[in-house]
Structure formats: structure tokens, C-alpha cells
Amino acid sequence: MIAHLADIESMEKSFRTNLINHLTGGKAVHLIGTYNEHHQSNLAIFSNVIHIGAYPAMIGVLFRPIGENSHTYKNIQANKQFTLNQIPLSMVQQAHQTSARYPFGTSEFEACEIEEETIPEFDGPFVKHSLIKMGLIWEEEHLIKSNQTVLLVGKIQYISIEDSILLPDGHIDLGLAQSLSAGGLDTYYQLNQLTQFPYAKVLADASHEPRRNS
Ligand SMILES: Cc1cc2nc3c(=O)[nH]c(=O)nc-3n(C[C@H](O)[C@H](O)[C@H](O)COP(=O)(O)O)c2cc1C
């Protein structure tokens, strides 16, 4: 298929949404845990979670245009704290269910039967059985003017990783962790490690001559 701007604009809406959502490939999915101002917990699945920087350790989350619901975003505004939790393979269906529009004050931990965990070191609800958990504090946010989405950046305050998936050099074995990725908003994939290379350097014998087409 070849599509130009005019073709994209005239596509049937759900086809276009699925297509554009899949174009960037598999995106790691996370469950974001928050408290509202009454300290009631909330949990929702997010795939637009990106690495912003390693030091200071920061992660970004892209939110849909903020609306009447947007509980996760509003809770972060209220408390400035949130948790990011890896989704274990066995919990994929419950994790997907957290995307339903539960009313304000309904905890998806209870509604979707996901066990909640609290710890003294960080005031945020965690997913007990996640192998990778993080506690973050709101750092800054940016409105994407052209479509009203919001890129919210959090600074990592706390990390909990299952020892069996953490390698001595700081890598995490995402295959062993059975981490999941999503294509669009309804299809889930499992990761398998293919290979590992050293940091790429320009090779000594590399030719810088532009290639000629014969
Ligand atoms: C696989 C998947 C990925 C999602 N990723 C995002 C995302 O990155 N950003 C977003 O705003 N919503 C995303 N959603 C939608 C939210 O999960 C959904 O709007 C949810 O109701 C938000 O809950 P809340 O109102 O408690 O914050 C995703 C949904 C699914 C199923």
C-alpha cells in the first residue's frame, strides 16, 4: 500500500487509527498507578512511555488530550507522584481491562483483580506481581499544540527489580521478565532477545567515499 497525505486523510477512521497506531511498531506497555486527592488508588495501561534520560533518571508519558476522565493525569497533577509497573505475561488480560472507563473513585486494582502493594519508601500504589516497578515524581510537562496531547516527564525516585532478571552490568533481561509490548491499543506481543552487540564505533577501515551508483 502507498498512501499520500490526501489518502491518509480520507481513510475510514478506525482503519486510520489502527494503522497509525501500529506504524511505530511494538511499544512497551506499563501500568501507571496513582492516588487521587482522597488517597483512592487508580491504575491504567499506557504504551507511550519513553526514556528521557539516564542521569537524572527521567521517563516521559504521552497523555491523550485531557478530558473529563483522564484520572491518571489529574491524579498526578494533584499529588505529583506516580508509579510505573511492568506487566507480567500472566496479567495481560487484566492489564488491558484497566483501559476501560471506570468512574472516578473506582480502583482498577479491585475492578480488574490486580493485587496492590504499598511500601513505606514511596507514596504510590504499586502492582505487587510486577517484576519491574518505579516510583516517579512530576518534573515537567509539555503540551503538544497540534493535537493537545501532553508529554509529562517524571523523575525516578525509587526502583524495584526482581533480582533474577537484573544482570551484573545493569542490563535487564526483558525476555526472562516476559515483558510485553503493544501494537496499537488492542494487540500484545512478547519480547525475545535476539542478540547483543558492543557499543558501535566507526570502523578503522570504513570508506568515507560516497557510494557511486553504477
Ligand atoms: C495498549 C494500550 C495502550 C494505551 N496507551 C495509552 C497512552 O500511552 N496514553 C494515553 O493517554 N492513553 C493510553 N491508553 C488508554 C488508557 O489506558 C485509557 O484512556 C484509560 O482509561 C486511562 O485511565 P484513567 O482515566 O484512569 O487515566 C492505552 C490503552 C491501551 C489498551
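Both ligands and their constituent atoms are indexed starting at 1 by order of listing.
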Original post:
Do the side chain of Gln157 and the main chain of Gly135 share a donor and acceptor less than 3.5 angstrom apart?
Top reply: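 No, Gln157 side chain to Gly135 backbone: no donor-acceptor pair under 3.5 Å.
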Original post:
Between His96 and Tyr188, how do the two ring planes meet: parallel, tilted or perpendicular, split at 30° and 60°?
Top reply: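 Rings of His96 and Tyr188: perpendicular, over 60°.
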Original post:
Looking at residues at least two apart in the chain, or sitting in another chain, which of them share a side-chain hydrogen bond (donor to acceptor under 3.5 Å, both in side chains) with Thr98?
Top reply: none
Subject >> Carboxylate-amine/guanidinium contact Arg16 Glu9, below 4.0 Å >> reply: no
Original post:
Would the Tyr35 and Phe82 ring centres measure less than 6.0 Å apart?
Top reply: no
Original post:
Under 6.0 Å between the ring centres of Phe126 and Tyr158?
Top reply: yes
For ligand 1, which of its N or O atoms have a protein N or O partner closer than 3.5 Å, and how long is each gap?
residue: ligand 1; atom: 5 (N); partner: Ser47; partner atom: N; Å: 3.0
residue: ligand 1; atom: 5 (N); partner: Ser47; partner atom: OG; Å: 3.4
residue: ligand 1; atom: 8 (O); partner: Ser47; partner atom: N; Å: 3.3
residue: ligand 1; atom: 8 (O); partner: Asn48; partner atom: N; Å: 2.9
residue: ligand 1; atom: 8 (O); partner: Asn48; partner atom: ND2; Å: 2.9
residue: ligand 1; atom: 9 (N); partner: Leu62; partner atom: O; Å: 2.9
residue: ligand 1; atom: 11 (O); partner: Arg64; partner atom: N; Å: 2.8
residue: ligand 1; atom: 17 (O); partner: Ile45; partner atom: O; Å: 2.7
residue: ligand 1; atom: 19 (O); partner: Arg64; partner atom: NH1; Å: 3.3
residue: ligand 1; atom: 21 (O); partner: Ser99; partner atom: O; Å: 3.0
residue: ligand 1; atom: 25 (O); partner: His71; partner atom: N; Å: 3.0
residue: ligand 1; atom: 26 (O); partner: Asn42; partner atom: OD1; Å: 3.3
residue: ligand 1; atom: 26 (O); partner: Asn42; partner atom: ND2; Å: 2.9
residue: ligand 1; atom: 27 (O); partner: His71; partner atom: N; Å: 3.4
residue: ligand 1; atom: 27 (O); partner: Thr72; partner atom: N; Å: 2.8
residue: ligand 1; atom: 27 (O); partner: Thr72; partner atom: OG1; Å: 2.6

